[in-house]
Amino acid sequence: MNVNKIITNLISLLLVLPFSLNAVSAFVAKDHPSDDGRAIDLAWNVPDEFTSVTIEKLDSTETWFALTKTASTVSDYVDNDGIEPGLNSQYRLIAKNPANGDSLMLSTQITSRAQWFNYKKSPLLFLLLLLSGAVIYYILSARRGKELFIRRINGLESMDEAVGRATEKGKPILFVPGIGDLDDIQTIAGLTILSQLAYKAATYNADLIVPVSKSMVLSTAREIVKEAYLKAGRPDAFNPDCVFYLTDDQFGYVAGIDGIMVREQPAANFFLGTFYAESLILAETGFGTGAMQTAGTAQPHQLPFFVVTCDYTLIGEELFAASAYLSKEPNQLGSLKGQDFGKLFIVLLIIIGSIMEMSGIHWLKNILMFE
Amino acid sequence: MKRFLPLMVTFFIGIIVISSEFIPHKPFSSINAGLENWFLIISGFAILLGQISLIKVNSNKVYIKAENWQYYLIGLISFGVMVLCGILWGTQDANGILGSHVDLSKWLGSKPFVYLFDNVYQHLSSTMFALLAFFIASAAYRAFIMRSFESNLLMIAAVVVMLGRTTIGTSFTAWLPQGWRFLHLPDVANFVMNYPTNAAQRAIMISAALGIVGSSLRILLGIERSYLGGGD
């Protein structure tokens, strides 16, 4: 029992010793961890008798200038102003006690370095590898011929119905890829659906109208529709002007599409991509024209508007699953199964995290919190 | 080769961008900014394609005297006037080929391009945005028609939130004693917004994020290639 006590005391002493020494007076500069070498951590610990602490830095003209001034004798500061990796930075601490005229000056210097790995993002990398691993595993399973059950997505099943309806009525199909540019994954998801829709439209000889708001989307969408017509064996039916540019402006784009809806009276409208305040203006006008409407976006604030005004709505992940779902290719369906694994993992993580937080155990939350 | 090269470029660029998220060292730390600049440069060239498409489609409609061809003509004229004003007298910060033309600017109060932007374009844009108010009313009416359990629930929640955000709604429950504060309408409205609504929105965002991971992997691995124009 006594031996245990002695060992415990020794360990406590060893742990406390460095801090005790620091408590005398210390001013330390450290390279900020896991960064690109553009920040330096400064920490100081000076006796309580001092009432003001000024941290100064030597600039390129060999002049000292104040970084911060504080009354705190034990504190830290992150200098991320004008730090270059590989360059030496010099700092000094000036602590003063006006009551007795005492002053203290400590100096330090450091050369910051860019790091090769951001350790703060390790949990993110772990999650990314886990989810990617699951997606790749299920893709390989599907390739080996494993049967995968994918739930029915009504919004996507409606595509045949919409094209059929347009064909019967002799009216066009309107496809709106949203106001996002090609650097937005929602726009790309919308365009992959356009590929399938254009193929069906070409097969059933239905007209397609694709007004776009970004020039990059214009060239991509036109190429996608052209390829779909080629694939359907009807290259002659492809009209390059069915994909056209309206304007980059949000409400100008809406005004243009509303005009098309009112004039052309499309039988079916598809709104798939990135939408903001224009979502309801578009969908409500489409509702007014009596068109069958399918919408999909990952913008949570716009989804209620689509749910109210459209016949079918692809919510969040369904927009991204659409291409895989419609293609029915085992490779692509496998990736959907991988996403489902991701959902299961996140749900478990939320449940376990909630229980741990309620029990006062915070390490899971702490390791998952990163900058 | 027509497919192979874009797929390889997509794969390598994708891997580099993902790596740059975890590697703060150069060149990875600056690669994202560089790629964004590339995108902007390519977009700049692509704008020309957009303008050509705009002129071609509208001119064609005017030429064949399509139905409502006058509107397409007005569109073309508006486009031309804005481009000319910008080229001749410049935009807000840049001078045109005729300089800033102080006399004209003094007479209009601003440069012609800025004048048209402020007095025509802005008002038209605001008009379109203002339509949203009426569309919200008609859409809300349809959503709140009580025909199922879900729509009843939606209507009750909406009424509570709307009342909780108004002065009159607050006064309805202001008489409640402190012990019954949880039934105070603003508190109930805040509860609805902070917990059920927030939870649902986060669920959508989490599932969308997983969808993005799946989509990105499909694109990076070359499984999803319809964005290239075709399947094979």
Side-chain angles (χ1 to χ4, degrees), chain A residues 34-36 114-118 121 125 131-132 135-136 139 181 183 185 188-189 191-192 195 215-216 218-220 223-224 226-227 230-231 241 244-245 249 251-252 254-255 263 277 280-281 284 298 300 303 305 308-309 315-317 319-321 323-324 331-332 335-336 338-339 342-343 346, chain B residues 18 21-26 29 36 39 42-43 46-51 53-54 56-57 60 67-68 71 121 124-129 131-132 135-136 138-140 142-143 200-208 210-219 221 223-224 226-231:
Chain A
S34 299
D35 76 338
D36 56 354
Q115 309 298 310
W116 279 102
F117 183 66
N118 186 348
K121 288 187 177 172
L125 181 64
L131 294 176
S132 305
V135 170
I136 291 167
I139 287 172
D181 211 334
D183 59 346
I185 188 85
I188 294 176
L191 290 176
T192 57
S195 172
S215 304
M216 294 274 275
L218 170 77
S219 45
T220 314
E223 200 61 25
I224 283 173
K226 186 181 164 188
E227 287 282 340
L230 273 171
K231 202 172 154 191
D241 290 340
F244 55 93
Y245 171 82
D249 179 68
F251 292 109
V254 177
R263 284 193 302 274
L280 186 63
I281 305 177
E284 189 66 358
L303 279 168
F305 297 134
V308 169
T309 49
I315 298 172
E317 57 157 349
L319 173 69
F320 302 106
S323 173
N331 277 353
Q332 300 217 34
S335 70
L336 292 189
Q339 280 173 229
K343 265 190 285 184
I346 299 281
Chain B
I18 292 171
E21 189 65 28
F22 301 99
I23 305 174
H25 203 285
K26 271 187 176 176
S29 58
E36 276 170 21
F39 181 81
I42 297 168
S43 300
I47 283 174
L48 196 65
L49 284 178
Q51 312 303 346
S53 163
L54 184 85
K56 195 181 157 199
V57 170
N60 194 36
E67 199 181 347
N68 300 316
Y71 297 120
Y121 167 82
L124 290 172
S125 196
S126 304
T127 306
M128 280 311 294
F129 189 39
L131 283 178
L132 196 59
F135 284 147
I136 281 180
S138 60
R142 275 205 310 284
Q201 287 195 349
R202 283 179 187 173
I204 291 168
M205 283 194 283
I206 289 170
S207 72
L210 289 169
I212 290 170
V213 171
S215 275
S216 307
L217 270 176
R218 281 199 297 274
I219 291 170
L221 298 174
I223 295 167
E224 166 64 72
S226 45
Y227 70 99
L228 290 172

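Numbers restart at 1 for each chain; the letters A, B, ... are given by sequence-line order, proteins then strands. The figures that follow rest on heavy atoms only: side chains count, while hydrogens, waters and symmetry mates do not. What you see is a predicted model, and the numbers here were worked out from it, not measured in a lab.
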- Task: Side-chain contact test, heavy atoms from C-beta onward, threshold under 4.5 Å: evaluate it for Ser335(A) versus Ile223(B) and give yes or no.
- Result: no

- Task: May I ask you to test the Leu54(B)-Phe244(A) pair for a side-chain heavy-atom distance under 4.5 Å?
- Result: no

- Query: Heavy-atom distance under 4.5 Å to chain A: side chain of Ile212(B), backbone, both or neither?
  - Reply: both

- Is there side-chain contact between Arg218(B) and Leu336(A), with at least one heavy-atom pair below 4.5 Å? yes

- Message: Looking at chain A, which one of Leu48(B), Ile204(B), Thr127(B), Val213(B) has the largest number of heavy-atom pairs inside 4.5 Å, strictly under?
- Response: Ile204(B)

- Query: Does the side chain of Leu221(B) come within less than 4.5 Å of Ile136(A)'s, by heavy atoms?
  - Reply: yes

- Using non-hydrogen atoms and a 4.5 Å limit, figure out which bit of Tyr71(B) sits close to chain A: side chain, backbone, both or neither. neither

- Task: Give, as side chain, backbone, both or neither, the part of Ile219(B) having an atom under 4.5 angstrom from any heavy atom of chain A.
- Result: side chain

- Message: Could you check whether any side-chain heavy atom of Met216(A) comes within less than 4.5 Å of a side-chain heavy atom of Phe39(B), counting everything from C-beta outward?
- Response: yes

- Query: Do Thr192(A) and Glu224(B) have a side chain donor and acceptor closer than 3.5 Å?
  - Reply: no

- Heavy-atom distance under 4.5 Å to chain B: side chain of Leu319(A), backbone, both or neither? neither

- Task: Could you tell me which portion of Asp35(A) (side chain, backbone, both or neither) has an atom closer than 4.5 angstrom to a non-hydrogen atom of chain B?
- Result: backbone

- Task: Identify which of Ala203(B), Ala139(B), Ser125(B), Ser138(B) forms the greatest number of heavy-atom pairs closer than 4.5 Å to chain A.
- Result: Ala139(B)

- Leu124(B) versus chain A, the contacting section by heavy-atom distance below 4.5 Å: neither

- Task: Kindly indicate whether the side chain of Arg142(B), heavy atoms from C-beta on, has any atom under 4.5 Å from the side chain of Thr309(A).
- Result: yes

- Query: Which region of Ile346(A), side chain (C-beta onward) or backbone (N, CA, C, O), has a non-hydrogen atom less than 4.5 Å from a non-hydrogen atom of chain B, or is it both or neither?
  - Reply: side chain

- Query: Ser126(B), Ser29(B), Ala46(B): which one forms the most heavy-atom pairs within less than 4.5 Å of chain A?
  - Reply: Ala46(B)

- Could you check if a side-chain atom of Glu317(A) sits within less than 4.5 angstrom of a side-chain atom of Leu210(B), using non-hydrogen atoms only? no

- Ion pair present between Arg263(A) and Glu67(B), side-chain N to carboxylate O less than 4.0 angstrom? no

- Query: Of all of Leu230(A), Leu191(A), Asp181(A), which one pairs up most often with chain B through heavy atoms under 4.5 Å apart?
  - Reply: Asp181(A)

- Side chain, backbone, both or neither: which part of Ala277(A) has a heavy atom under 4.5 Å from chain B? both

